[in-house]
Amino acid sequence: MTTAPRTWFPGEIVTEGLLNTEIRDQFASFFGAWTEYTPSWIAETGGTPSVGNGSLVGRYMKVGRTVNFLIKLTVGSTTTFGAANANWAFGLPFPPASVFHGARCLTVSARIAGVGEVTGTGETSTSNGGTARAFAGGSVNGTTNQPDSSYWDQTNPLAAAAGMVMHVSGCYEASS
């Protein structure tokens, strides 16, 4: 991880250790491995989803206050989804600095083998400690456009079922 830049003073002697910390280590963090985390999964209205025997994993790379992330939900046979019209949201690795309401800067996709694939967009929110939310719009199987006001849940835009894989990815500014 990168750290805050050092304040240098006139006449200060630059040592090997300072150079390593301030230049080498900072630069190397840009090429490090992504860090895994376990995102939360909530429904903004109507019940609480549960992963059950599915899986929910996340990864991120944070450089300064810029966070790139990827969330993957794999639905199992005992996964529950909350109520219809639930408006799913997933926890982010760090709270976002601010909300750009209506700025659909996240990419979302879901696929059920033999049924179809859907793509759409989402947004970051400072609610619930920082979430990726309001997944909407896009297309089903590359043809049917979904309205931006039609949020994703257990029945929309595809009926969620065992084997479904959903990805959420994006980049945002963290609060610190």
Side-chain angles (χ1 to χ4, degrees), residues 1-9 12 14-45 48-76 79 81-82 86-111 117-138 148 151-153 160 164-176:
M1 285 291 170
T2 57
T3 58
R6 175 184 169 83
T7 301
W8 297 91
F9 300 100
E12 187 173 9
V14 178
T15 66
E16 176 183 333
L18 286 174
L19 287 173
N20 287 341
T21 300
E22 297 302 318
I23 297 172
R24 182 202 62 197
D25 296 348
Q26 298 283 343
F27 188 71
S29 72
F30 296 149
F31 304 105
W34 284 41
T35 303
E36 294 195 14
Y37 82 106
T38 303
S40 59
W41 181 22
I42 65 169
E44 293 186 331
T45 59
T48 302
S50 172
V51 175
N53 65 351
S55 67
L56 178 59
V57 295
R59 298 172 48 144
Y60 69 89
M61 168 67 79
K62 184 178 183 198
V63 177
R65 289 177 53 176
T66 302
V67 181
N68 289 284
F69 75 96
L70 174 63
I71 296 169
K72 179 181 179 185
L73 169 67
T74 303
V75 174
T79 300
F81 306 103
N87 191 17
W88 292 343
F90 295 97
L92 294 170
F94 300 94
S98 61
V99 178
F100 290 66
H101 291 287
R104 315 237 12 113
C105 59
L106 306 180
T107 301
V108 187
S109 67
R111 183 173 198 286
E117 183 170 1
V118 61
T119 58
T121 60
E123 64 188 31
T124 59
S125 171
T126 56
S127 65
N128 298 305
T131 57
R133 64 173 299 274
F135 312 126
D148 284 338
Y151 294 142
W152 291 18
D153 59 25
M164 181 179 90
V165 177
M166 181 176 178
H167 291 96
V168 181
S169 62
C171 179
Y172 67 97
E173 179 187 1
S175 61
S176 62

(message) Are the side chains of Ser109 and Val118 in contact, using a 4.5 Å heavy-atom criterion?
(response)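 Not touching, per the 4.5 Å side-chain cut-off.
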(message) Met166 vs Lys72, test: side chain to side chain contact (heavy atoms under 4.5 Å, CB included). Steps then yes/no.
(response) CA-CA 6 Å; Met166 181 176 178; Lys72 179 181 179 185; over 6 Å; no
(request) Would you name the heavy atoms of Asp153 and Trp88 that are closest together and state the gap between them? (result)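 Closest heavy-atom pair between Asp153 and Trp88: C-CZ2, 3.4 Å.
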(request) May I ask you to test the Glu44-Arg133 pair for a side-chain heavy-atom distance under 4.5 Å? (result)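 Glu44 reaches Arg133 side chain to side chain.
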(message) Would you say that Leu106 contacts Thr124 through its side chain, given a criterion of any heavy-atom pair below 4.5 Å between the two side chains?
(response)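 When only atoms from C-beta onward are counted, Thr124 and Leu106 do touch, with a gap below 4.5 Å.
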(message) If you define the side chain from C-beta out and look only at heavy atoms, does anything of Leu73 sit under 4.5 Å from Val165?
(response)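 A side-chain contact is absent here, since even the closest heavy-atom pair is not under 4.5 Å.
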(request) Determine the minimum heavy-atom distance between Pro96 and Ser125, stating which atoms define it. (result)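 For Pro96 and Ser125, the tightest heavy-atom pair comes out as CG-O, 3.4 Å.
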(message) Would you say that Phe135 contacts Phe90 through its side chain, given a criterion of any heavy-atom pair below 4.5 Å between the two side chains?
(response)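 Sidechains of Phe90 and Phe135: in contact.
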(request) Find the distance between CZ (Arg24) and CD (Glu16) and round it off to the nearest 0.5 Å. (result)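 So the gap between those two atoms works out to 8.0 Å.
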(message) Let me confirm one number: the OH-NZ distance from Tyr172 to Lys62, rounded to the nearest 0.5 Å.
(response)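 Answer rounded to 0.5 Å: 8.0 Å.
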(request) Taking all heavy atoms of Ser176 and all of Arg65, pick out the closest pair and write down the distance. (result)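 Heavy atoms only, the tightest pair is C-CG, 3.9 Å.
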(message) Run the side chain to side chain contact (heavy atoms under 4.5 Å, CB included) test on Trp8 and Val14 for me, step by step, so that the C-alpha distance in whole Å, both residues' side-chain angles and the decisive distance to 0.1 Å come before the verdict.
(response) CA-CA 9 Å; Trp8 297 91; Val14 178; 4.1 Å; yes
(message) Which heavy atom of Ser55 sits nearest to which heavy atom of Val51, and what is that distance?
(response)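 Answer, listing the atom of Ser55 first, then Val51: N-CG1, 3.5 Å.
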Determine all donor-acceptor pairs shorter than 3.5 Å in which one atom belongs to a side chain in residues 36-43; sequence neighbours excluded.
residue: Tyr37; atom: OH; partner: Gly91; partner atom: O; Å: 2.9
residue: Ser40; atom: OG; partner: Gly91; partner atom: N; Å: 3.4

(request) Kindly compute the distance separating CZ (Arg59) from CD1 (Ile71), expressed to the nearest 0.5 Å. (result)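 Taking CZ in Arg59 and CD1 in Ile71, the distance rounds to 13.0 Å.
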(message) On a heavy-atom basis, which atom in Asp25 and which in Thr21 lie closest, and how many Å separate them?
(response)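 That would be OD2-CA, 3.7 Å.
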(request) Using a 4.5 Å cut-off on heavy atoms from C-beta on, say whether the side chain of Cys171 contacts that of Thr66. (result)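 Thr66 reaches Cys171 side chain to side chain.
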(request) Measure across Ala33 and Met61 and return the closest heavy-atom pair with its distance rounded to 0.1 Å. (result)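 Result for this residue pair: O-CE, 3.9 Å.
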(request) Please examine the side chains of Trp34 and Asn68, heavy atoms only from C-beta on, and report whether any two atoms are closer than 4.5 Å. (result)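 Contact flag for Asn68/Trp34 side chains = yes.
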(request) Kindly compute the distance separating CZ (Phe94) from CZ (Phe69), expressed to the nearest 0.5 Å. (result)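 That separation rounds to 12.5 Å.
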(message) Let's go through Thr107 and Val168 carefully: what are the C-alpha distance in whole Å and the side-chain angles of both, what is the deciding distance for side chain to side chain contact (heavy atoms under 4.5 Å, CB included) to 0.1 Å, and is it a yes or a no?
(response) CA-CA 6 Å; Thr107 301; Val168 181; over 6 Å; no
(request) For residues Leu70 and Tyr60, determine if any side-chain heavy atom of one lies less than 4.5 Å from a side-chain heavy atom of the other. (result)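 Side chain of Leu70 against side chain of Tyr60, heavy atoms only: no contact under 4.5 Å found.
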